[in-house]
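First the proteins, then the strands, lettered A, B, ... as listed; each starts at 1.
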Amino acid sequence: MVIYNYIIMEKYNFKKLEDKWQKKWERSSYGKAVDFDNKPKHYNLVEFPYPSGAGLHVGHCMGYGASDAFSRMKRMQGFNVMYPMGWDAFGLPTENYAIKTGRKPKDVTAENIKVFKKQMKRLAYSFDWDREIDTTDPEYYKWTQWIFLQFYKHAVVEGKLIEVEDDDQITPRLAYQAEMPINWCPSCKIGLANEEVIAGKCERCGAGTERKMQKQWMLRITEYADRLIDDLKTVDYLPQIATQQINWIGRSEGAEIDFRIQNTEYSLKVFTTRADTLYGATFMVVAPEHIIIPNLESRIRNYEEVKEYINNAKKKSDLERTDLAKEKTGVEIKGVKAINPINGAEIPIFIADYILASYGTGAIMAVPAHDERDYEFAKKYDIPIMEVIIPTVTDKHDPPKEGVETIFRNAIQAIVINRKSNKVLMLKWKKFPWTTFVTGGIDGKEDKITAAKREVLEETGYKGINFIKYLGGPVESNFYANHKGVNRKAHFWGMVFEIENNDKDEISDEEKEIHDVEWMTWEEIEKDKNIKCAEYEIWLERLKNDNQLFTDCGVLINSGEFDGMSSKEAENAIIKKLEKDNAGKSTVNYKLRDWIFSRQHYWGEPIPIIHCEKCGTLPIDEKELPVILPDVEDYQPTNTGESPLSNIDSWVNIKCPKCGEDAKRETDTMPNWAGSSWYYAAYITRGNSKSEYRNPKEDENLFSKYKKELKYWLPVDLYNGGMEHTTLHLLYSRFWHKFLYDLGCFTTPEPYKKRIAHGIILGADNRKMSKSFGNVINPDEIIDKYGADTLRAYIMFIGPYDQESAWNMNGVSGVYRFIAKVWANIGKAKENVDDELGRALHKTIKGVSDDIECYSMNTYIAKLMEFNNLMTQKDAINYETLKIYAKLLSPAIPHLSEELWEIVGEKGSIFESNWPDFDQKLIEEEDLVIVIQINGKVRDRLTVKSDISNAELKTLALNSDTIQHWLCGSKPKKIIVVPKKLVSIVI
RNA sequence: GCCGGCGUGGCGGAACAGGUAGACGCGCACGACUCAAACUCGUGUGAUAGCAAUAUCAUGUCGGUUCGAUUCCGACCGCCGGCACCA
């Protein structure tokens, strides 16, 4: 008996539906991550937001919505999923708001968090709210401070983490103090963040900013540089993210070379990756901040000029200083010379701001012949340019033969041009299939021009030619000289001549026998297959662009005993010699610099350090943590560049824990990066208890107490977040994790197993969403108008997950229409009816599962739409079909799916049900459409059974009428059969 | 400037491993419903030529590899992210 039980549906009322389910879910325990559950764990982390006053942004939803869908599917697939949320609440915007309004950052933050949380709940993100964290909570930053103290108390010596005694002044601690520049506004008398410096001007008052040196806390991240590169092999990051990390660390192997300064005890240490170019070092350049300048003050003849240059450099940012497009500036330091350790040459020293004190040693040896910036600088200041590396080529047609003598010679290649006809004088060899320029050796002491003119005369008879230019320096060419039976290693000088008149001498009979002389156009030369010239490409390139700088590796010339070596050989040999002479050594250098960890701000974690005049720098006793951020009256920074905290005497003044005398607290705070560097672990230690953090006992720390929990949950299985955080935040948190791993806090060396990233959402005008453009979309407005399900699905549908996409209101209504159509289709549900949707359904299950798994959210939604379109065509839909479809919908549109689950008569939540499996057979059992191409063009299509053999396919293809027609009786030269795809016929 | 991406119809985009370019959505056009409009439903929709079957062209530009390129390689143009104190 067939039961016709069409459901009478009312119109899709998202408001009613979403209210209903949100109330129910609020009371349920859905989303809770259970420590040590039997199910396999899946830690799904998404970056926590900075709770700004503007509320949740649709850009946030891009991350949270997709990760929520992923979490929901994983839970249905039987995983114990942790999907937590918290607040990265320290930061400048809140502090600036406090300065403006006088309100407490703490209060403002609490309000913002409330708004964010309410909005997230409206969007039905299934976070485990019991694990909510807030980096500004003293119970949280207690442990951020604890970690800082561990950095202070430890050092890495010979690759091992060791503890450093309090009074040890020598061992390099991982947290240390150093004089580092800050951006300083001389008018406001405050330190500025980079972002607050707009084109060298203070954002607040418009005055020009300077760099001011200040004692700052640093973290020795460079100590971990190699491991931060090497361990990338053990994780699964998007390739471009891993590359960015590697490039940011910028490991390069090279040499440290000492250049003595003449008549002084000082020397200049430089780092170079091109020790092979040492003979070409014709000057040195030091950064304006370099210590050598004050050291040499008495000897510098133009000290005033140098000083003025240094003062000007202070006004520029690193970015401006290193901009290649800008003209290089510099000043020669007169009165001192450096000595090139390899050949004793005296060379001038310059000071220039394109050299940064923070990279390498803050000084370089400049090799203008082989470095673009040095070249530019040398041209400008008229410094000699000495070529020491030349390109080397090997002839493809006649490579050197083994066991044959190699003869070296200096030689020329004359490119003789007839300007009127724009033709080039060429030789066509008679006994060999060669076409060449006029070429020949330089005899004895003959100069190159004479040699070239002589060769042209001998080989072609032309007398009236004028020398135009050299095509750069020589090129080494290695080939087997067939006509002489020897290998040649020739240094060819490319030279351009123009023909002045057609005066010709008779060529000797000998020469006549060797080659014909022919004038050819460049096109003819290019097409000539017999061009017997390995250096042809180089000449062509140099003809097009003047002053071709050779910056690649090659062969050494003008380098004494190292002449003829390859760059690589020479590099090793030169370093060896320097080592012997105690003038250098091979070394590794990094672009990565130590992390400036101090901020002169209020709204951050206080650095838990005491300064005592007598006892020096002392850590706060760990038992005294947290060092609570005190309330202040005025959040305005002080005019000494210190943090506002330094104004609170009652807080700053403290007794020294060691000697009991008057001492002061450190008033700098930590950067925003600090709290977010370990938050993924804080969710774990936060545990399930809703009331408060679970505090460890006296002799424990947070990580030792929750060792088991940390071991269970870490590493994070999948970390999702903005593309803009994939360099710095990711690197910083990996660094902290590795340090804590060394301390024994964690059991895995990497925090995140896999990292993906999402693009940003642009405004409808294709610009970044911003208040000033008036193109910001507030999620609340969209929810009010279309519902949370529509907003969630639209943001998934908006575009490729890892790219930026522009907001489009028409797109929102399209998604809304889709959901309303799904709702309408529910009305067609029937029992015991064959809706013939089985195959399509199983294809959809597979497609949807794959798409969610790899965060292809736009195609996930598209597949849901496609299936819905199929249902729309049907008069009746089986209950079972709808049930499975509801499951597929549920990660994207939870409210409607839950309602649908109830409508089809299921008890309990759809999210407690199992994710559907697909039947592989059902998907495969289809007929295939095979494409038939002739010469790469599609000419016919055949429908065949999927188990057809390649041979059958070939026969079928050739017998098709259409193909017969296209073949016109000609015989195929080649037939390519791609199983289950196509047949390609070449005629 | 340096490092990393991206570029496909009128628009957002799809094409997982080099094999049917344009799935899905928007927009537009026509039709149905309506007194009319909106909503909804149906049909069509890359360009050019043709009544049509069909053909040619087409994935930023130019070139290369291949039987075959949106996909791989090279050069160029344009846009976006990061550049160490925004988060």
Side-chain angles (χ1 to χ4, degrees), chain A residues 47 49-50 52 88 90-93 180 182-183 191-197 216 221 238-248 250 317-326 354 358 373 591-601 671-673 676 722-729 731-732 757 759-760 762 766 768 794 797-800 802-815 817-818 820-821 824 847 850-851 854 856 858-859 861-866 869 872 929-938 941 972-976 978 981-987:
Chain A
E47 282 166 1
Y50 175 76
S52 73
D88 187 17
F90 276 129
L92 257 195
M180 294 302 283
I182 61 168
N183 297 311
L192 298 173
N194 281 346
E195 201 190 45
E196 296 172 300
V197 181
Q216 312 234 46
I221 188 172
L238 285 182
Q240 64 265 35
I241 296 176
T243 310
Q244 277 286 56
Q245 297 254 309
I246 291 168
N247 290 348
W248 184 261
S317 70
D318 286 0
L319 204 60
E320 285 173 293
R321 284 173 50 172
T322 53
D323 194 334
L324 271 181
K326 295 220 172 103
Y354 77 94
S358 49
R373 290 185 302 183
K591 278 208 189 84
L592 181 71
R593 316 199 288 257
D594 277 341
W595 176 1
I596 302 176
F597 201 66
S598 284
R599 300 292 182 271
Q600 294 72 42
H601 287 296
N672 171 268
W673 308 102
S676 60
M723 215 52 112
E724 68 275 24
H725 298 143
T726 53
T727 312
L728 287 178
H729 158 66
L731 195 71
Y732 290 152
I760 54 166
L762 304 173
N766 236 317
K768 216 172 196 171
Y794 172 64
F797 192 57
I798 193 166
D802 56 357
Q803 280 168 44
E804 79 229 30
S805 311
W807 188 267
N808 179 352
M809 272 308 174
N810 286 329
V812 179
S813 49
V815 170
R817 271 204 288 270
F818 153 64
K821 280 187 232 175
D850 291 349
D851 282 352
C854 61
S856 177
N858 54 341
T859 55
I861 302 295
K863 287 186 175 86
L864 294 176
M865 287 171 168
E866 268 180 87
N869 290 345
T872 304
V929 176
I930 301 289
V931 169
I932 310 188
Q933 295 181 338
I934 295 179
N935 289 347
K937 290 201 164 145
V938 179
R941 295 181 169 87
K973 277 190 210 146
K974 198 169 165 189
I975 298 172
I976 296 149
V978 182
K981 287 253 163 70
L982 61 75
V983 180
S984 180
I985 302 166
V986 186
I987 52 171

*Extract the stems that RNA chain B is part of, considering only consecutive pairing runs of at least three Watson-Crick or G-U wobble pairs, both distances under 3.5 Å.*
B:1-7 with B:77-83, B:10-12 with B:24-26, B:27-32 with B:40-45, B:46-49 with B:54-57, B:60-64 with B:72-76
*asked:* Test of understanding: with side-chain contact (heavy atoms from CB on, under 4.5 Å), list the residues that count as partners of A:Ser856, not counting sequence neighbours.
replied: A:Asp851, A:Cys854, A:Asn858, A:Thr859
_Shortest side-chain distance from A:Asn247, nucleotide among B:rC86, B:rA84, B:rC3_ = B:rC3
Report each atom pair, protein N/O against N/O of nucleotides 71-75 of chain B, whose distance is under 3.5 angstrom.
none

*Touch check for A:Ile760, heavy atoms < 4.0 angstrom, all strands: base, sugar-phosphate only, or nothing?*
nothing
So which protein nitrogen or oxygen atoms get under 3.5 Å of nucleotides 27-34 of chain B's nitrogens or oxygens?
residue	atom	partner	partner atom	Å
B:rG27	OP2	A:Arg817	NH2	3.4

*Residues that A:Glu196 engages under salt bridge (charged side-chain N to carboxylate O under 4.0 Å, His left out), provided they are two or more places apart*: A:Arg204
Report, one pair per line, the protein and nucleotides 43-50 of chain B atoms (nitrogen or oxygen only) whose separation is under 3.5 Å.
none

*Under 4.0 Å protein heavy-atom contacts per nucleotide of nucleotides 12-24 of chain B, with B for base, S for backbone only and - for none*: BSS----BBS-BB
*For nucleotides B:rC28 and B:rG12, find the distance between their C1' atoms and express it as a whole number of Å.*
16 Å
_Presence of donor-acceptor pair under 3.5 Å, side chain of A:His729 and base of B:rA87_ = no
*Give A:Gln600 one of three labels, base, sugar-phosphate or nothing, depending on what nucleic acid heavy atoms sit under 4.0 Å from its own.*
base
*Do A:Met865 and A:Val815 come within less than 4.5 Å of each other through their side chains, counting heavy atoms only?*
yes
*Tell me what A:Gln240 touches on the nucleic acid: a base, only sugar-phosphate, or nothing, going by heavy atoms under 4.0 Å.*
sugar-phosphate
*Taking only residues two or more places apart in sequence, or in another chain, which ones meet A:Glu804 in a side-chain hydrogen bond (donor to acceptor under 3.5 Å, both in side chains)?*
none
*Remember a base hit wins even if backbone is also touched, and classify A:Leu731 as base, sugar-phosphate or nothing at under 4.0 Å, heavy atoms.*
nothing
*Qualifying residues under salt bridge (charged side-chain N to carboxylate O under 4.0 Å, His left out), relative to A:Arg941, sequence neighbours excluded*: none
_Contacts of type side-chain hydrogen bond (donor to acceptor under 3.5 Å, both in side chains), residue A:Asn810, not counting sequence neighbours_ = none
*From the options B:rG82, B:rC86, B:rC85, select the nucleotide whose nearest atom is closest to the side chain of A:Thr727.*
B:rG82
*All salt bridge (charged side-chain N to carboxylate O under 4.0 Å, His left out) counterparts of A:Asp802, not counting sequence neighbours*: none
*Indicate, with a heavy-atom threshold strictly under 4.0 Å, whether A:Gln216 touches base, sugar-phosphate, or nothing.*
base
*Reckon A:Asp850 touches a base, only the sugar-phosphate, or nothing at all at heavy-atom distances under 4.0 Å?*
nothing
*Under 4.0 Å between any heavy atoms, over every strand shown, what does A:Lys973 touch: base, sugar-phosphate, or nothing? Just pick one.*
nothing
*Could you pull out all residues at least two apart from A:Ala806 that satisfy side-chain contact (heavy atoms from CB on, under 4.5 Å)?*
A:Leu762, A:Asn766
*Considering only the P atoms, how many Å lie between B:rA53 and B:rG44, rounded to the nearest integer?*
14 Å
